[in-house]
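Working notes, structure below.
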Amino acid sequence: MKSIRIAAAQTPEFRENVDAALDHAIEVAARAEVDDVALLLFPEGFLQGYLIDEPSARRVAFDLASAEFSAVLDRLPKSGPVLVVGLIEIDDGRLFNTAVIIERGVLIGRYRKAHLLRGERIFSAGEESPLFAIGDMRFGINICYDTNFPEAAAKIRASGATLILCLANNMMPRDKAEAFKEQHNAVRGERCRETGLWLISSDVTGERDGRISWGPTAVLDPEGHVVAQLPLEEPGLLLFDFLYIASEDRWGLRT
């Protein structure tokens with residue numbers, strides 16, 4: 001039996017303020033390191049904000065090979081957990097809604113959102129579902145709307161992962177947020193039941209311009225049950241201890 005500790009951050013929303021987002025990420029990562037966290041998840045679009053108007057998105061987008069992004073990596077901790085962070089990426093002129101995986105200030109991988117909402121036309125869809133690992137713990141990534149598609153979770157399962165990391169940003173007009181409040185975990189639970197995978201989500205929270213996001217930031221088991229969740233509409237850090245037998249590829253959760 002082996003154990004690994006994972007955390008998911010429920011954060012305020014940062015829009016076009018990379019310095020503030022980095023300050024918050026560094027603070028949360030320091031807390032997670034004290035708690036011996038191996039993997040720390042942040043929301044969709046965390047670094048620059050969930051921006052879907054093209055001028056704003058292009059203004060703050062990062063080329064992951066650029067000196068500007070290297071400067072971001074330089075600010076991040078050189079110890080502590082592997083970070084999974086949502087951001088807006090630009091590559092050869094195309095914009096992507098991307099999750100980057102960063103280990104001790106070094107970029108080790110990325111996932112690009114594959115399933116895009118009608119309002120996300122400024123982005124190009126990702127085409128790959130890579131497998132990532134920390135020791136024996138193997139995981140894949142979905143970004144928010146991806147979880148509405150069984151094939152997105154099925155690809156993660158087929159790759160040999162046992163855990164889905166779900167980066168989300170559900171800052172919505174209040175009436176829409178009310179309608180979908182209970183649906184986020186319900187839809188994610190369907191993916192868990194279909195695949196036998198665990199799922200951990202990270203979301204923003206707070207209110208802005210008639211919009212609200214409660215979260216949720218939660219962990220779901222392979223039966224689709226919510227087994228742990230942060231209080232809605234409160235920033236926080238959710239910790240998980242996973243117990244697993246690597247040789248049998250079986251996982252459990254200890255809270």
Side-chain angles (χ1 to χ4, degrees), residues 1-11 21-44 46-47 72-87 98-111 129-143 153 156-157 159-168 188 192 195-203 215-222 226-230 235-255:
M1 189 75 69
K2 296 185 179 181
S3 176
I4 187 171
R5 180 167 287 182
I6 298 172
Q10 188 162 279
T11 75
L22 281 173
D23 286 344
H24 188 79
I26 292 165
E27 177 184 347
V28 173
R31 290 170 52 198
E33 183 174 8
V34 170
D35 287 321
D36 295 322
V37 170
L39 178 66
L40 174 56
L41 177 64
F42 287 91
E44 175 185 19
F46 170 79
L47 193 58
V72 169
L73 296 175
D74 286 344
R75 285 194 57 189
L76 293 173
K78 303 306 182 287
S79 62
V82 171
L83 308 178
V84 180
V85 181
L87 55 74
T98 296
V100 292
I101 299 85
I102 300 167
E103 183 174 11
R104 299 180 179 182
V106 176
L107 177 67
I108 63 172
R110 71 181 170 200
Y111 168 79
S129 184
L131 176 69
F132 304 100
I134 298 177
D136 294 321
M137 196 278 282
R138 301 186 297 278
F139 64 93
I141 296 173
N142 278 181
I143 298 179
I156 292 175
R157 181 60 185 174
S159 74
T162 325
L163 174 68
I164 301 172
L165 303 188
C166 175
L167 296 80
R188 295 165 191 170
C192 294
T195 60
L197 300 178
W198 291 84
L199 182 146
I200 301 170
S201 65
S202 173
D203 208 333
T217 294
V219 58
L220 281 68
D221 69 15
V226 177
V227 294
Q229 182 170 304
L230 288 177
L237 183 64
L238 188 58
L239 304 179
F240 307 90
D241 286 330
F242 279 90
L243 301 179
Y244 66 100
I245 302 171
S247 61
E248 296 182 11
D249 197 27
R250 285 163 40 191
W251 291 76
L253 176 72
R254 182 181 66 202
T255 58

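Bear in mind the structure is a predicted one, so any value in this text is a computation, not a measurement.
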Distance in Å, Arg188 CZ paired with Leu220 CG, rounded so as to fall on 0.5 Å steps: 8.0 Å
Considering all heavy atoms, the nearest Ser202-Ala8 contact: CB-CB, 4.3 Å
Derivation of the side-chain contact (heavy atoms from CB on, under 4.5 Å) call for Leu76 and Leu83: CA-CA 9 Å; Leu76 293 173; Leu83 308 178; 4.2 Å; yes
Heavy-atom closest pair, residues Gly140 and Ala161: N-CB, 3.9 Å
Interatomic spacing from OG in Ser3 to CG in Asp241 - rounded to 0.5 Å: 5.0 Å
Side-chain heavy-atom pair Gln10, Leu238 within 4.5 angstrom cut-off: no
Interatomic distance, Leu167 atom CG to Ile200 atom CD1 [nearest 0.5 angstrom]: 11.0 Å
Closest heavy-atom pair and its distance - Pro81, Ala32: CG-CB, 4.1 Å
Leu47/Val72 under side-chain contact (heavy atoms from CB on, under 4.5 Å): CA gap, chis, key distance, verdict: CA-CA 10 Å; Leu47 193 58; Val72 169; 4.3 Å; yes
Pairwise distance CG(Leu39) to CG(Leu163) - rounded to 0.5 angstrom: 7.5 Å
Stepwise side-chain contact (heavy atoms from CB on, under 4.5 Å) test for Ile6 and Leu41: CA-CA 8 Å; Ile6 298 172; Leu41 177 64; 5.9 Å; no
Centroid separation Phe242 to Trp198 less than 6.0 Å: yes
Parallel, tilted or perpendicular, as decided by the 30° and 60° cut-offs, for the rings of Phe46 and His24: tilted
Nearest non-hydrogen partners of Ser129 and Ile156, listed with the distance: OG-CG1, 3.8 Å
Interatomic distance, Arg31 atom CZ to Leu237 atom CG [nearest 0.5 angstrom]: 5.0 Å
Atom pair CD1 (Ile164) and CG (Asn142), whose distance is rounded to the nearest 0.5 Å: 5.5 Å
Phe139: ring pair (Phe, Tyr, Trp, His ring centres under 6.0 Å) partners, not counting sequence neighbours: Phe132
Minimal non-hydrogen separation, Tyr111 against Pro130, with atom names: CD1-CD, 3.9 Å
Nearest heavy atoms of Gln229 and Ala218, plus distance in Å: OE1-CB, 3.7 Å
Arg5 side chain vs Asp35 backbone, donor-acceptor pair below 3.5 Å: yes
